Amino acid sequence: MLNTDKDKPVYPWGHERRFNAYSNYFRNIYGSRVQKVSIDAGFTCPNRDGSNGTGGCTYCNNDAFNPSYCLPVNSVSVQLEEGIKFHRKRYNEAVTYLAYFQAYSNTYASLKKLRELYEEALSFPGVIGLIIGTRPDCVDDEKLDYLKALSLKYYIAVEFGIESCYDKTLKRINRGHSFDDAKRAVEMTADLGINTGAHFILGLPGETRQDMLNQVEIISGLPLKTVKFHQLQIIKGTTMEIEYKNNPADFELFTWEEYLGFFVTFLERLNPAIVVERFTGEAPPRFLTGETWGKKRTDQIVGLIEKRLEELDTWQGRLYKDKR
Ligand code: SF4
């Protein structure tokens with residue numbers, strides 16, 4: 001903590017919330033709310049089309065995470081228009097937008113194609129930058145140099161699906177890359193000064209709770225600007241659904257109460273410099289099987305985790321040890 005006034009503590013990230021929150025991070029930069037608008041630009045994925053693997057990651061069903069306004073038959077501009085309309089109904093306050101290239105692997109195309117898609121998004125009124133979700137094996141020097149040049153003028157972030165720090169898990173969920181591949185991609189991107197993010201899934205089969213907790217030290221040592229965590233959810237229509245049905249004992253899905261306790265312990269050890277965008281994933285209930293958490297919405301979950309942090313008088317990074 002920066003100040004020790006018990007009633008109004010201010011943490012290293014410069015505000016009173018007990019974690020380094022994504023929404024506050026943008027407010028600090030732009031002085032107002034910034035809304036992400038998802039785009040499905042019709043990309044595929046090398047882990048599906050046979051160039052690196054087939055069948056995809058065992059938990060993957062992109063439909064479960066794609067908002068209804070994202071239709072790849074529509075152009076980037078039409079999707080932005082629809083998405084902005086959708087968000088305006090919910091939040092009047094948003095004045096600027098980030099185009100979020102979300103579905104599949106959004107750097108998996110020629111540089112020429114990427115330029116067309118990204119620059120169409122950046123020319124849309126109100127769009128101040130791009131968030132690009134991709135795989136560690138879908139970036140190279142040429143693409144990153146281009147993104148670096150864009151980042152001199154716009155907010156540019158590349159978010160890598162890493163999911164686990166353990167190669168045995170990555171193999172088991174058929175990710176088609178190793179943790180070292182992911183680390184290398186993160187370092188290459190961050191070294192160029194591009195905002196670098198990562199996703200991790202907590203609760204993957206074959207990992208004990210202690211294995212999951214031990215990852216926090218590894219994640220804390222990566223040059224990440226932002227991070228998202230999801231609890232494992234079993235999504236219908238995936239290979240993992242079949243594995244789960246065949247052998248449920250192989251999975252230790254978090255109940256909500258378990259996750260709350262686990263995540264607070266995890267957060268206390270996470271590098272306070274890393275901005276946390278999500279604590280949990282929220283696939284629509286119609287896609288889910290196995291352990292579900294009822295009707296809790298993401299904002300309620302954030303509120304409950306913040307309440308627990310307050311009850312325990314703890315915060316992100318309280319037990320973090322800088323080993324870099
Ligand atoms: S999770 Fe991402 S990398 Fe894995 S199969 Fe789905 S789109 Fe491809």
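Numbers here simply count residues along the sequence, with the first being 1. Since the structure is predicted, the reported quantities are computational estimates derived from the model, not experimental observations. The basis for the numbers below is simple: all heavy atoms, side chains too, and nothing from hydrogens, waters or symmetry mates. When a ligand or atom number is given, it counts from 1 through the structure's own listing order.
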**Numbered atoms of ligand 1 (with element) below 4.0 Å of Arg135, judged on heavy atoms** = 3 (S)
**Asked** Which ligand 1 atoms, with their elements, are less than 4.0 angstrom from a heavy-atom of Arg175?
**Response** 1 (S), 3 (S), 4 (Fe)
**Asked** Quick one: does Asp167's side chain get under 4.5 Å of Lys171's, heavy atoms only?
**Response** no
**Message:** Distance under 4.0 Å to a non-hydrogen atom of Tyr104: what atoms of ligand 1 satisfy this?
**Reply:** 7 (S)
**Residues Asp313 and Arg18 bridged, charged N to O under 4.0 Å** = yes
**Prompt:** Would you say the ring centroid of Tyr22 lies under 6.0 angstrom from that of Phe26?
**Reply:** yes
**Message:** Centre-to-centre under 6.0 Å for Tyr259 and Phe279, is that the case here?
**Reply:** no
**Message:** Heavy atoms only, cut-off 4.0 Å: how does Cys57 contact ligand 1, side chain, backbone, both, or neither?
**Reply:** both
**Asked** Of all the atoms in ligand 1, which lie at a distance below 4.0 Å from a heavy atom belonging to Gly56?
**Response** 5 (S)
**Request:** State whether Cys60 contributes an N/O/S atom found under 2.8 Å from atom 8 (Fe) of ligand 1.
**Result:** no
**Message:** Is the positively charged end of Lys168 above the ring of Tyr166, judged by distance under 6.0 angstrom from the centroid and angle within 45° of the axis?
**Reply:** yes
